[in-house]
Amino acid sequence: MARALALVDCDNFYVSCERVFDPGLRGRPVVVLSNNDGCIISRSDEAKALGIRMGAPLHEERRLVEAHDVRVFSSNYVLYGDMSWRVMQTLSEFAPEVEVYSIDEAFLGLECTGQREARALGEAVRGRLGRWTGLPVTVGVGATKTLAKIAARVARKSEKAEGVAVLSDARLTEAALARVAARDVWGIGPSRARVLKEAGVETALDLARADERWARCRLGVVGARIVLELRGTPCLPLDSCPRPRHTVTASRSFGRLVKSREELCEAVSYFVTKAAERLRRARLAACVLVVFAATDRFGAGEQYSATATLRLPVPSDITPELVAHARRGAEQIHREGLLYKKAGVTLLELVPAAPAQAGLFDGLDRPRAGRVAEAVDRINKRWGDDTVRYGARAADRPWRGKVEKRSPRYTTKWEELLKIEA
DNA sequence: TCTGGGGTCCTAGGACCC
DNA sequence: TCTGGGGTCCTAGGACCC
């Protein structure tokens with residue numbers, strides 16, 4: 001193995017974050033819910049063993065949850081985001097090249113070549129992350145990203161539960177591929193899984209041995225790449241410097257249905273304010289703004305969903321300006337008599353936020369507006385979300401969803417610091 | 001009663017051009 | 001009756017990921 005990749009994947013990340021600060025949760029079934037306390041998006045091993053399904057609406061699993069006294073948490077993204085940052089900081093000490101792939105996963109570029117060396121590194125990563133963050137992780141090493149994913153999967157499922165698997169030669173790689181179902185390979189979703197099933201491709205090993213032209217034809221370029229990656233030919237390069245994002249979206253399902261034009265406008269103003277904060281953090285400005293709203297897709301009433309796309313006269317990251325456009329969009333799509341369940345705003349065609357120039361024609365003092373926005377961001381960061389709000393936004397958010405079981409933001413709010421009583 | 005949110009990449013089809 | 005072909009750009013929607 002001339003060059004290898006390690007995938008470091010946090011085990012049951014959200015649940016594990018909760019357990020760091022409440023050790024009483026260890027060994028017990030625990031789940032974390034999506035926004036609005038809707039679906040189950042993270043499960044402890046004990047919860048999985050009970051048969052609680054990933055992604056299932058909480059109400060469908062209510063019986064199991066109650067019968068086995070499962071601890072249930074609303075998601076606490078502030079906490080998880082901060083814990084993720086700590087994990088990634090720690091990982092950066094192990095390899096010169098680290099690609100942060102998601103909130104709970106990273107790929108590391110390794111120069112080490114052998115089974116023993118790679119395994120030792122994996123164990124060192126696990127040890128240090130355990131001591132420094134309290135989070136359990138699994139490490140998979142392989143010649144490509146897809147093989148590293150396979151390795152991590154095998155490590156997690158192995159009887160010995162070592163937490164590290166290294167596919168350092170053809171024999172080990174084949175043995176691992178034979179143990180993984182084709183539908184569980186990274187990049188195979190329901191659609192490609194159906195194609196594979198019809199073709200009698202059952203394991204990842206079968207897929208690795210599939211004819212390349214057949215794969216290209218039936219699974220697309222993405223599928224063809226998966227086949228090559230399974231054979232050890234890298235097609236997905238390590239990307240250690242994140243490219244600027246292309247879109248920013250802020251949206252939510254409502255806790256109760258929204259009817260009036262004004263209430264929809266207020267909700268959309270709130271979403272675009274949140275999106276603008278993220279835009280400024282990334283030092284970007286948007287050229288296009290999309291507003292969308294939809295009725296309850298599970299409801300019996302009339303189904304409706306609509307979008308309004310607005311091109312901004314000048315790329316903008318200025319909240320009041322974006323709010324004004326978003327309100328216009330909301331007014332366009334609002335239809336009287338309908339009940340809205342969800343709405344949101346997407347900002348796209350993002351460009352680097354230029355040093356603001358005074359607009360000659362748009363009548364907005366951009367440098368000044370930019371300074372105001374920065375000040376608002378700083379105050380809200382220092383004193384808490386929504387300490388300062390823009391006037392166009394209603395203070396109370398009656399349509400806000402449920403967040404009934406959120407744990408304290410232990411690591412980012414002084415007043416929510418963990419208390420230990422002697 | 002209750003059913004998530006935020007991304008990326010690819011593809012197909014239409015408009016348009018030479 | 002015959003009535004190109006290839007390129008680019010854009011957009012909407014599909015597929016997939018965590």
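Side chains are part of it too, since the values below use all heavy atoms of this structure and drop only hydrogens, waters and symmetry mates. Not measured: the values here are computed from a predicted model. Quick note on labels: first sequence line is chain A, next is B, and so on, each numbered from 1.
- Toward the 5′ end of DNA chain B lies the nearest nucleotide of A/Arg297, the other residue of the pair A/Arg297 and A/Arg225 mapping further downstream.
- Contact footprint of chain A on DNA chain B: nucleotides with an atom under 4.0 Å from a non-hydrogen protein atom, first to last in 5' to 3' order, B/dC2 to B/dT11.
- Between A/Lys149 and A/Glu229, none of the side-chain N atoms (NZ, or NE/NH1/NH2) sits under 4.0 Å from a carboxylate O, so this pair counts as no salt bridge.
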Between A/Trp399 and A/Tyr270, is the ring pair (Phe, Tyr, Trp, His ring centres under 6.0 Å) condition met? List the steps. CA-CA 11 Å; A/Trp399 36 264; A/Tyr270 176 76; 5.7 Å; yes
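- Ranked by how close their nearest DNA chain B nucleotide is to the 5' end, A/Arg252 and A/His246 are led by A/Arg252.
- In summary, A/Arg311 and A/Glu349 engage in a salt bridge, as defined by a charged side-chain N under 4.0 Å from a carboxylate O.
- Put simply, CD on A/Gln89 and OG on A/Ser84 are 10.0 Å apart, with the number rounded to the nearest 0.5 Å.
- Between A/Arg156 and A/Asp9 a salt bridge is recorded (basic side-chain N to carboxylate O distance below 4.0 Å).
- Ion pairing between a basic and an acidic side chain is recognised when a charged N comes within 4.0 Å of a carboxylate O; A/Arg209 and A/Glu202 show no such pairing.
- A salt bridge links A/Glu212 to A/Arg231: at least one charged side-chain nitrogen sits closer than 4.0 Å to a carboxylate oxygen.
- Ion pairing between A/Arg43 and A/Glu61 fails under the 4.0 Å rule for side-chain N and carboxylate O.
- For the segment residues 187-204 of chain A, residues with any heavy atom less than 4.0 angstrom from an atom of DNA chain C are, sorted by number, A/Gly187, A/Ile188, A/Gly189, A/Pro190, A/Ser191, A/Arg192.
- A/Glu266 and A/Arg327 are not joined by a salt bridge, as no carboxylate oxygen comes within less than 4.0 angstrom of a charged side-chain nitrogen.
- If you check every strand for non-hydrogen atoms under 4.0 Å, A/Arg278 touches sugar and phosphate atoms only.
- Comment: A/Glu415 does not engage A/Arg409 in a salt bridge, judged by the lack of any side-chain N to carboxylate O separation of less than 4.0 angstrom.
- Within the 4.0 angstrom heavy-atom criterion, no nucleotide atom of any strand lies near A/Phe13.
- Looking at heavy-atom distances under 4.0 Å, A/Lys342 makes contact with sugar-phosphate atoms alone, never a base.
- Nucleic acid contact class of A/Ala56 (heavy atoms, under 4.0 Å, all strands): none.
- Within 4.0 Å of A/Asp104, counting heavy atoms only, lie sugar-phosphate atoms of the nucleic acid but no base atom.
- When heavy atoms are screened at a 4.0 angstrom cut-off, A/Val32 is found touching no nucleic acid atom at all.
- Note on A/Glu162 versus A/Arg126: no salt bridge recorded, every NZ/NE/NH1/NH2 to OD/OE distance being 4.0 Å or above.
- Taking the C1' atom of each, C/dC17 and B/dG4 are spaced 15 Å apart, rounded to whole Å.
- Two end axes, each from the C1' atoms of five base pairs, can be drawn for the helix from B/dG5-C/dC18 to B/dC18-C/dG5; they diverge by 10°, to 10 degrees.
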